[in-house]
Amino acid sequence: MAPRTLLPPPPPPAELRSWPDRDALLADRALALDVLRRRLLGGGRFALYAGSVLVLQLGWGMVGVTLVDLGNGAILDPITFFVGLIVAVLGLGVLVPGVWLAVRGVRHDRVVRERLVRWASLDRHGPTDARLRAPVLSACWMVLSTVLCGLGLWLGFAVPAGADPADGRGLVAYGMGVALIFWINGLIGLFKAVGHYRTVLRVVPPRPAGRSASSEPPRHG
């Protein structure tokens, strides 16, 4: 709930805007864009992203214990079956908030991006627009997400290829689940980084050389 309540409100409609001058508009625009950029790519958003991946892997790991026991036949023992069932149920209970965190993060990013577009479209200002591009943060998101995608892709091929028939199908199912979690969350991060880059290019295109963006007239579209 906190990320949603702390977001800057969208700019008022054109007929209700009451900034006394352009400097006041640019100041509010810069403040809103800085907050939105941090909420989209900053440390808090990355902590939520990493937390959802860890929670999902933890929950799936608890379920995987039961899957591996099923594959090995150890689950036929009544005590092992009971313990495995409890662990699997607990794992599913952990998976639910992990999925909720991931879905909530995607929805939150969509809201932030929409508001960022609306604020950025109000005007142009060189220093603010340069911070909005956030090339270092975007690159970090892209690199880390690519690593997750690569790890998921590698596990998706390596686990089935290297599985011992004596281990049964449980270990393969567990490994494929781990790969899928890495792959999906890696794609989420990649779409975030690429989407931010494309959004910024659309609303704040590079200005022609020799022309100051801060000297352009305000845009109220």
Side-chain angles (χ1 to χ4, degrees), residues 40-77 80-110 112-113 133-201:
L40 189 63
L41 300 173
R45 182 63 188 92
F46 180 78
L48 179 64
Y49 173 77
S52 66
V53 176
L54 292 176
V55 171
L56 286 170
Q57 292 292 11
L58 175 61
W60 182 247
M62 297 172 71
V63 175
V65 172
T66 303
L67 292 177
V68 173
D69 287 342
L70 279 171
N72 292 334
I75 202 72
L76 297 178
D77 178 72
T80 305
F81 174 79
F82 182 72
V83 173
L85 181 62
I86 293 177
V87 173
V89 171
L90 291 175
L92 291 174
V94 174
L95 278 173
V96 171
V99 173
W100 179 80
L101 282 174
V103 173
R104 179 175 178 266
V106 172
R107 291 178 176 175
H108 173 260
D109 290 346
R110 184 175 66 249
V112 173
R113 193 173 293 111
R133 293 185 180 94
V136 175
L137 288 175
S138 297
C140 289
W141 274 94
M142 188 168 295
V143 170
L144 293 172
S145 300
T146 302
V147 170
L148 286 182
C149 283
L151 183 58
L153 186 64
W154 176 77
L155 287 174
F157 287 99
V159 171
D164 190 334
D167 295 330
R169 298 179 180 177
L171 183 60
V172 175
Y174 168 66
M176 295 300 293
V178 171
L180 187 62
I181 291 172
F182 281 138
W183 175 252
I184 292 177
N185 283 277
L187 288 179
I188 291 174
L190 281 176
F191 286 146
K192 172 199 287 290
V194 174
H196 177 74
Y197 177 76
R198 295 180 62 183
T199 298
V200 171
L201 283 184

With the side chain counted from C-beta on, respond yes when Leu41 and Arg45 share a heavy-atom pair under 4.5 Å apart, and no when they do not. no
For the residue pair Asp109 and Tyr49, establish whether any side-chain heavy-atom pair is separated by less than 4.5 Å. no
How far does NZ of Lys192 sit from CG of Leu40, to the nearest 0.5 angstrom? 4.5 Å
Is the closest side-chain heavy-atom distance between Leu85 and Thr66 below 4.5 Å? no
What's the shortest heavy-atom distance between Leu48 and Leu101, and which atoms? CD1-CD2, 3.4 Å
Restricting to non-hydrogen atoms, name the atom on Ser138 and the atom on His196 that form the minimum distance, rounded to 0.1 Å. OG-CD2, 3.5 Å
Restricting to non-hydrogen atoms, name the atom on Phe182 and the atom on Leu151 that form the minimum distance, rounded to 0.1 Å. CE1-CD2, 3.6 Å
Which heavy atom of Met176 sits nearest to which heavy atom of Pro160, and what is that distance? SD-CG, 3.6 Å
Find out whether Leu54 and Leu58 are in side-chain contact, i.e. whether some heavy atom of one side chain is under 4.5 Å from a heavy atom of the other. no
Under a 4.5 Å cut-off applied to non-hydrogen side-chain atoms, are Trp100 and Val96 in contact? no
Mind telling me whether Phe46 and Trp141 have parallel, tilted or perpendicular rings, with 30° and 60° as the class edges? perpendicular
Between Val178 and Gln57, what is the shortest heavy-atom contact and its length? O-NE2, 3.4 Å
Could you tell me which non-hydrogen atom of Leu187 sits nearest to which non-hydrogen atom of Cys149, and how far apart they are? N-SG, 3.4 Å
Looking at side-chain heavy atoms only, is the closest gap between Ile188 and Asn185 below 4.5 Å? yes
Atom CZ of Arg133 and atom CG of Leu201: how far apart are they, to the nearest 0.5 Å? 7.5 Å
